[in-house]
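Start at 1 and go down the list; that is how both ligands and their atoms are numbered.
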Amino acid sequence: MSVLVVNAGSSSLKYAVLEPSGDPAAAARRLGGGTVERIGSDGARLRHDGPGGRAVDDEAVDAPDHAAALRAAADALAAHGPSLDDVTAVGHRVVHGGEDFSGPVVVDDRVLARIAELAVLAPLHNPVNAAGIRAARERFGDVPHVAVFDTAFHADLPEVARTYAVPREWREEHGVRRYGFHGTSHAYVSRAATAWLQRERGTDPGAARVVVLHLGNGASACAVRGGRSVDTSMGLTPLAGLVMGSRSGDVDPALAGHLRRVAGLDAEAVEEALNGASGLRGLCGDGDVRDVTRRAEAGEQDAALALAVYAYRVRAYVGAYAVALEGLDALAFTAGVGENSARVRADVCDGLAVLGVQVDPARNADVAAGPGDVVPVHPGAAAGPAVLVVPTDEEGEIARQAVDLLTAGGD
Ligand code: ADP
C-alpha cells in the first residue's frame, strides 16, 4: 500500500508518496514527492523529486493559496510520477488535535470542521492544515483521507505532566493543558531507538526509557517509557520548552504584564516576538544553527552565548526527564540540528556526565545517517545510556499510521 502524504505549513506545502515498511521500527520507502514554497507570494516555486531524492523539476508556479499549491503538486505528480494508481489513502499532517483527537482519524466533513475550529489553539497551523485537506479531498475524492495529529502521541500524558497549576475554570472550560507537539517524530524516533536497545543491549522494549531530542527549527524533548510519551517540553502551544531558531521556549509567564507596563506592548505583540524574534535569533541575530556555530567558532561572544543557552536548556530537560523516567537507557538526537550538528550534540552531552552519558568525539564528528539508520555516538564500551542519532521520518510515520488505521477497519 502506498500513501500520498500532505504537510501544509504556513507558506509551504510538502507532499510525498510513501510505502510504509512492514517493520514499524523501519523507515518508509519514499517513491517521490516535493515542496511548493513561498505560497501566497509572486515567487512561489515547486521542486519535485523522484526515487532516491533525484531532482526532476524546479519551476515557478502560480500558488496564491494552499489550494493552488496542492493543484500544482498534483499536476507535478501526474507529469513526473510516481504514479498515484496504487495510492490507497491520503495522509495529512495536522498540528493541533486539541482534546478531540487522540489518534489518527478518517476525515469527513465533521472532522474537517473541527480541525478548522481548533485554530483557536494553533492559529498559525490548523487553518492551513485544513486548507490542504479541503483541496486534497477535491482533487483526490475517491480515496480515504486520514488526519494525523502532532499532539496525538502525547494524548495520554500522565495527569501530573499534562496539568498546569492554573485556575480550574481555565483548565475545565478553555482546554488549558500541556498538549505537546512533534508527535509523529517522537513516535518514530523513540520506536527506532527502542528497537536498537532491544537488539543491541537486550533491553525490554516495554520498559525502555528514551529521551528524544527533536532539534529542528522548532525543538522539543520527549520522555518515552515503553513506547509511551510520559512528558514533553512543548505545552499548550509549540512555544514552550527548549530554545529554538526564533522561539524563546520557556520564559517567566509574568513577562507579558511586565512588557505592557514598561514598554506598552500588548499581549499579541509579546507573543509575536516570543515566536519570531526570540530564541537563537533573539540572542545573536541568527536563527540557523549553522550560522550561529560559524560565528561562535570565529569568536563572536553573542553567538557563543546563544549556543551555550541552547545546550544548557536541553540538558536541564534531559535531567528532568531522567528523573521522570527513573533512569535513562538512550538519548536520541533527531531533526535538522540533532542529525547534523556534532557541536550541539557534544555541548549537550558534555554536561550530562552525572547521568553516565558519554560521547565518542570521533564517532560524533563523523555521523552519516540516512533514512532508517540508528547511529550510536557513545564510546564502544560505554556502560551508560546509549547516545543515538536517528534521522526522523515524519512523512513515513504519517503514511504508516494512515495504513494502520485503514487496515484495522477504522473507516
Ligand atoms: P523544521 O523544524 O523546519 O522541519 P529541520 O528539522 O529541517 O526544520 O531543521 C532545520 C534546522 O536544522 C536549520 O534551521 C538549521 O539550524 C539546522 N541544520 C540543518 N543542517 C545543519 C547542519 N549541517 N549543521 C547544523 N545545523 C543544521
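Closest to atom 26 (N) of ligand 1 by heavy atom, among E339, E394, R290, is R290. For atom 14 (O) of ligand 1, the choice among N217, V344, L215 with the nearest heavy atom turns out to be N217.
Between R260 and D266 there is no salt bridge, since none of the side-chain N atoms of the basic residue sits less than 4.0 Å from a carboxylate O of the acidic one. Salt bridge D286/R281: absent, no basic N to carboxylate O contact under 4.0 Å. In this structure, R178 pairs ionically with D231, as a charged nitrogen and a carboxylate oxygen lie closer than 4.0 Å.
Among all non-hydrogen protein atoms, the one lying nearest atom 23 (N) of ligand 1 is N340 CB, 3.3 Å. In this structure, the protein non-hydrogen atom closest to atom 16 (O) of ligand 1 is V289 N, 2.9 Å. The protein atom (non-hydrogen) at minimum distance from atom 6 (O) of ligand 1 is G336 N, 2.9 Å. In terms of protein heavy atoms, atom 15 (C) of ligand 1 is closest to D288 OD1, 3.2 Å. Among all protein heavy atoms, the one lying closest to atom 17 (C) of ligand 1 is V337 CG2, 3.5 Å.
By the 4.0 Å heavy-atom criterion, G218 is counted among the residues contacting ligand 1.
For the pair A335 and ligand 1, the shortest N or O to N or O distance does not fall below 3.5 Å.
Counting only N and O atoms by type, the side chains of T392 and S185 include a donor and acceptor under 3.5 Å apart. In the model, E339 has a side-chain atom that pairs as donor or acceptor with a side-chain atom of T334 under 3.5 Å. For H96 and N126, the side-chain atoms include no donor-acceptor pair closer than 3.5 Å. With 3.5 Å as the limit, one finds no donor-acceptor pair spanning the side chains of S220 and H214.
Atom 4 (O) of ligand 1 lies below 4.0 Å from none of the non-hydrogen atoms of the protein.
A cation-pi arrangement is absent between R137 and F140, since the terminal nitrogen or guanidinium carbon is not both under 6.0 Å from the aromatic centre and inside a 45° cone about the axis.
The S341 neighbourhood of ligand 1 comprises atoms 25 (C), with distances under 4.0 Å to a heavy atom of that residue.
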